[in-house]
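Have a look at the structure below before the remarks.
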Amino acid sequence: MTVNLHLSELDRPNSYIGKTVPRPNAPRLVEGRGVYVDDVVLPRMVHVAFFRSPHAHARIGEIATAAALAVPGVIRVFTGRDIADICSPWVAVLAHLKGLKSAPQHALAVERATWVGEPVVAVVAATRAAAEDGVAVLEVQFEPLPVVADMETALDPDTPLIHPELGDNLVFQRLHEKGEPDAAMAGAAKVVEAVFHTGRHTGVCLEPRSILANYSRPENQLTVHHSTQAPHMMQTIFAKHLDLPEGNVRVICGDVGGSYGVKVHVYPDEMAVAAIAKAMARPVKFVADRLESFASDIHARDHRIKGRMGVDAQGRIVAMEIDDLTGIGPYSVYPRTSAIEGNQVVNLCGGPYDFQNYRAQTTVVLQNKTPTCQYRAVGHPIATAVTEGLVDLAADAIGLDPAEFRRRNIVRDDAYPYTSAANMRFEGLSHQASLEKLLTMMDYDALRAEQVRLRERGIHRGIGLASFIELTNPSPFMYGIGGARISAQDGCTVRMDPDGSVVALSGVTEQGQGTDTILAQVVAEGVGVPIERVRVITGDTQVTPYGGGTWASRGAGIGGEAALQAGLALRENILVVAAAMLQAEAGALDVVAGEIVDKATGQPRMPLAELGRIVYFRGDTLPKGLPRELVATRHFITSDYPFAFTNGVQASYVEVDVETGFVRLLKHWCVEDCGRIINPQLVDEQVRGGIVQGIGGALYEHCLYSEDGQLMTANMADYLVPMAAEMPDMVIGHVETPTRESLLGAKGAGEAGTAGAPAAIMNAINDALKPFKARVTAMPFTPERILAALGTIPERRL
Amino acid sequence: MKPAPLSYARASDVGHALALWREAGPDARILAGGQSLLAGLNLRLAEVDGLIDISRIASLRTIDLVGDTLRIGALTRHADLERSDLVALHAPALAQAAPLIAHPAIRTRGTIGGSLAYADPAAELPACMLALDAVIVAQGDGGERRIAARDFFTGVFETGLEPFELLIAVEIPVLRPGRAQAVRELARRSGDYAMAGLVAAADVTPAGLRDVRLAYFGVGGSPVLARAAMAALDAGRPVAEAEAALDDDLDPSDDLQASAAMKRHLAKVLLRRVLADLTGTEQGRPA
């Protein structure tokens with residue numbers, strides 16, 4: 001299925017697109033020379049620590065600050081009312097999500113605290129330690145209020161309202177119907193159903209959220225060093241809520257130690273830091289510690305989904321129905337909102353399969369827990385688990401092998417363009433090719449035979465499959481049409497300097513995934529220079545073209561295309577000058593490996609450094625009026641489709657110890673299709689990292705709350721992240737179906753691993769448990785839950 | 001995650017440490033490897049008046065064979081236990097337990113004395129002391145005091161150490177011929193505190209296991225000797241009876257990872273597997 005649609009014209013000696021090249025920033029980071037926000041130290045800098053609500057819901061009474069102010073090193077204390085005078089509140093809604101509502105949220109809670117960990121008071125001190133000493137002696141009076149903890153009862157009439165002015169605890173509800181689901185279900189040979197739970201969890205970044213804000217009163221300029229995925233979005237937001245002209249706000253994003261969607265949102269504590277900087281006209285630093293990260297970073301995936309699937313006698317899916325419920329905490333998170341995840345579940349369920357009778361509803365409710373919002377693979381792992389869980393049930397009900405059932409139901413590779421039951425439009429996917437490649441890679445039949453053999457010896461292994469679709473390269477249909485100032489377009493400026501080296505300035509950002517590397521590859525190939533001659537600069541709103549940053553797997557597909565087009569444009573500009581210097585036709589020349597060459601023969605004519613010398617220092621020798629623009633900027637936005645969907649399929653092979661409930665991950669496979677692959681190793685590692693995060697959700701990670709809304713897993717001992725010792729070997733394969741929307745043809749790859757892994761593991765565990773007629777559908781699949789499913793011990797609700 | 005202000009002093013020898021402690025008062029804490037204490041201080045879960053750092057007292061980092069006793073100094077690192085030939089030969093349970101403790105970086109700093117004095121009920125080494133009939137050696141101003149392990153662990157994070165008494169060593173009877181030791185634990189991830197763990201020792205005789213020691217960890221407020229199960233096995237009763245006896249021996253509580261019912265169940269699974277390890281009849285699946 002690998003069809004080379006565009007790139008033959010680029011396939012020349014110094015071709016980098018499609019090749020694994022070393023990451024230019026790796027030696028610097030490995031040697032500890034990275035510059036993260038915490039490494040930035042400015043004169044007169046002060047530190048902030050926050051007093052956070054110990055109550056899930058409470059009215060805030062008197063705040064006694066004298067003891068804190070008496071602590072050596074403490075400089076100033078800000079309450080919610082103090083900050084409210086500097087920073088306006090926000091309401092996170094989007095116009096295209098009809099009915100979505102939320103309450104105004106302040107940087108520091110003013111009247112009520114609504115979750116454990118909500119920032120209430122900020123203590124500013126000479127050091128972080130002194131600030132924490134100040135926090136320790138603050139006296140804040142609270143009047144505890146009734147807590148809404150259980151999303152299942154959030155809408156009950158006798159449940160207290162978190163924001164009485166909203167009238168209820170309902171944030172958003174959407175019902176999507178297509179075809180005739182009731183009639184199709186009624187006519188189905190078999191209908192299977194199940195209730196799935198995905199555990200509330202969070203993205204645990206190696207570098208916690210960090211911000212250093214500095215305000216210069218004479219210039220009325222706010223400069224913010226920020227560990228973020230979206231510098232320009234944050235520029236807009238700081239300007240709006242701190243009442244500054246947008247042009248007077250500069251956001252600088254240096255090295256970022258992981259983000260996973262956690263760092264693409266507006267956090268009240270970070271807004272408070274910027275407000276304090278404005279009030280004090282001093283650099284103010286805040287680096288979240290691990291405890292407050294667990295209570296204040298966004299959580300995600302707190303869903304309960306009831307699902308049904310109808311199949312005909314031939315094993316064809318005829319209808320699917322889902323009812324999704326999700327609790328998002330006390331506020332919709334600004335500015336992307338907390339309704340997107342549920343909306344994605346509706347959009348993505350059933351995505352790989354060819355059926356048209358579909359009913360899906362999502363209900364998004366408030367609770368007194370940490371706010372949830374977009375985290376890597378937003379909604380995908382939920383939708384995939386529900387769909388693939390039902391698919392395995394349906395296969396079993398109709399007596400088909402799970403692989404064969406998928407063969408019969410996945411959308412055919414020649415069916416595109418295709419519109420799904422959820423009305424998602426697919427330009428070109430490769431479910432069939434991907435599935436066959438996966439089954440070959442894993443030697444599916446041999447694995448099944450081994451499973452049968454071992455079962456006789458009391459060893460219980462299971463094989464799980466999961467097809468998935470992945471939403472990447474979003475257009476303004478994701479946020480822009482809803483009124484959010486979040487750019488779907490991105491830009492790149494490419495410049496040649498006198499020595500023939502190239503600088504690329506891009507609006508997308510690098511968080512550790514290798515964006516800088518692929519941009520350098522694309523620019524090097526576009527201009528025609530060795531990759532060592534390219535420097536990539538990202539993450540500075542005053543320097544780079546305006547762009548959206550990095551989220552929803554848009555860096556390669558959108559940022560990469562802008563970089564390619566800018567590189568090609570610079571090459572054309574170079575050739576205009578070269579043609580004049582060499583008295584040749586521009587069309588007869590080319591740039592290859594840093595030299596002007598004859599296009600036909602490849603004969604070197606002139607190094608770029610010579611061209612640079614003439615343009616920059618002896619421009620007098622060039623014809624008057626000759627364009628000598630050794631800078632080019634191009635922007636790119638997707639237009640034909642709202643999103644570039646990708647696809648893939650994963651498989652998991654596990655062994656369940658039925659005496660202990662322990663799951664051992666034996667091996668994992670993934671075949672995915674992200675279109676044009678720019679750097680195979682980076683894509684493979686993205687997929688592997690994503691799988692590991694998916695494994696986290698499937699087996700380990702869980703933000704557990706007590707009934708009164710206390711977070712019980714707020715440290716690395718109680719919140720289990722997946723670790724190396726338990727990870728299986730992961731075999732990654734690819735099918736390439738480039739998008740025709742761009743010359744580069746790249747789609748995103750960042751969500752694929754996370755999207756499919758939990759479903760594959762769930763199906764593998766349930767396959768292993770089949771002889772016991774036991775089944776688990778609530779993530780994470782802990783030993784305790786597996787033993788309870790086996791009937792060994794009583795079930796416990798956590 | 002910064003500790004509250006506290007005072008700090010580094011001791012050059014045991015006498016100096018005791019003197020510094022007297023000076024600082026009973027609420028000062030001894031800092032050995034710091035792998036639990038410092039995390040607690042940074043989280044502000046614990047506040048102390050001062051720290052007396054004994055980590056540089058080289059004379060406490062020793063492993064010696066003294067007659068029929070293996071004497072291990074309090075500052076012996078977990079990593080030392082992993083690598084010591086003497087430990088492997090004379091107290092194989094310790095060599096098996098050490099790699100189960102947290103992660104390599106923690107094992108490089110964490111000390112046996114620190115672990116025993118901290119007395120975390122889910123820790124491996126206190127249970128090893130029970131199973132191996134170890135003696136804890138404490139030194140106060142009045143000299144050394146020897147405390148049997150079964151009298152040492154008195155509750156959750158509670159020990160028989162008196163104020164101003166420093167744990168300086170443990171003494172473990174060497175493994176006698178015909179005796180075997182085995183350790184297993186069930187932890188969600190490698191390096192986590194176990195949901196349940198078992199250290200066992202027994203004479204392996206043609207008639208079966210005798211003089212059995214079963215010390216559980218992670219299933220109570222302190223490491224637990226399963227006396228009823230031990231008696232059943234010593235009497236040559238079937239394993240199923242020993243399993244049933246565990247219901248009397250153990251009284252676990254719910255925690256985040258496992259309910260009490262699950263811990264009771266896992267204790268029985270561990271018993272079966274560890275007994276198989278001891279008799280060598282079956283190398284059970286890795287727990």
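What you see is a predicted model; the values in this text were computed from it and never measured. By convention in this document, chain letters (A, B, ...) are assigned in the order of the sequence lines, proteins followed by strands, and residues within each chain are numbered from 1. For the numbers below, each heavy atom of this structure counts, side chains included, while hydrogens, waters and symmetry mates do not.
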Item to check | Aromatic ring pairing H460(A)/F772(A), orientation class (parallel under 30°, perpendicular over 60°, tilted between) | outcome: perpendicular
Checklist entry - Side chain of K263(B), backbone of S253(B): donor and acceptor closer than 3.5 Å? => result no
Checklist entry - Is there a donor-acceptor contact under 3.5 Å from the side chain of R109(B) to the main chain of R107(B)? => result no
Checklist outcome for this item: Highest number of heavy-atom pairs under 4.5 Å with chain B among A725(A), P783(A), A130(A) belongs to P783(A)
Checklist entry - Should K667(A) and E450(A) count as an ion pair when the cut-off is N to O under 4.0 Å? => result no
Checklist entry - Among A187(B), A39(B), G191(B), A196(B), which has the most heavy-atom pairs under 4.5 Å with chain A? => result A187(B)
Next on the checklist: As an exercise: rank S190(B), A261(B), A4(B) by heavy-atom pairs under 4.5 Å with chain A and give me the winner.
Outcome noted: S190(B)
Item to check | Proximity breakdown for M727(A) and chain B, heavy-atom pairs closer than 4.5 Å | outcome: neither
Next on the checklist: Quick check on the interface: out of L256(B), D192(B), L266(B), who has the most heavy-atom pairs with chain A under 4.5 Å?
Outcome noted: L256(B)
Next on the checklist: Using heavy-atom distances under 4.5 Å, tell me whether A260(B) contacts chain A through its side chain, its backbone, both, or neither.
Outcome noted: neither
Next on the checklist: Whether the side chain of R44(B) engages the backbone of K2(B) through a donor-acceptor N/O pair (distance < 3.5 Å, no angle test) should be reported.
Outcome noted: yes
Next on the checklist: We want to know whether Y216(B) and D249(B) form a side-chain donor-acceptor pair, criterion being a heavy-atom distance below 3.5 angstrom.
Outcome noted: no
Checklist entry - Are D251(B) and R264(B) within salt-bridge range, i.e. N to O under 4.0 Å? => result yes
Item to check | Contacting moiety of L291(A), where chain B heavy atoms sit under 4.5 Å | outcome: both
Next on the checklist: Heavy-atom pairs under 4.5 Å with chain B - which of I793(A), D133(A), L699(A) has more of them than the others?
Outcome noted: D133(A)
Checklist entry - Is R273(B) salt-bridged to D657(A), going by a charged N under 4.0 Å from an acidic O? => result yes
Checklist entry - What part of E132(A) is in contact with chain B, defined as an atom under 4.5 angstrom from a non-hydrogen atom: side chain, backbone, both or neither? => result both
Item to check | Portion of A129(A) that has a non-hydrogen atom of chain B nearer than 4.5 angstrom | outcome: both
Checklist entry - Is there a donor-acceptor pair closer than 3.5 Å between any side-chain N or O of H78(B) and the backbone N or O of P104(B)? => result no
Item to check | Best-contacting candidate, E292(A), R290(A), H702(A), M723(A), against chain B by heavy atom pairs under 4.5 angstrom | outcome: M723(A)
Item to check | Interchain contact, V721(A) with chain B, by part (heavy-atom threshold 4.5 Å) | outcome: both
Next on the checklist: Which atoms of T660(A) are under 4.5 Å from chain B, going by heavy atoms: the side chain, the backbone, both sets, or neither?
Outcome noted: both
Checklist entry - Considering only heavy atoms, which portion of L720(A) lies under 4.5 Å from any heavy atom of chain B: side chain, backbone, both, or neither? => result both
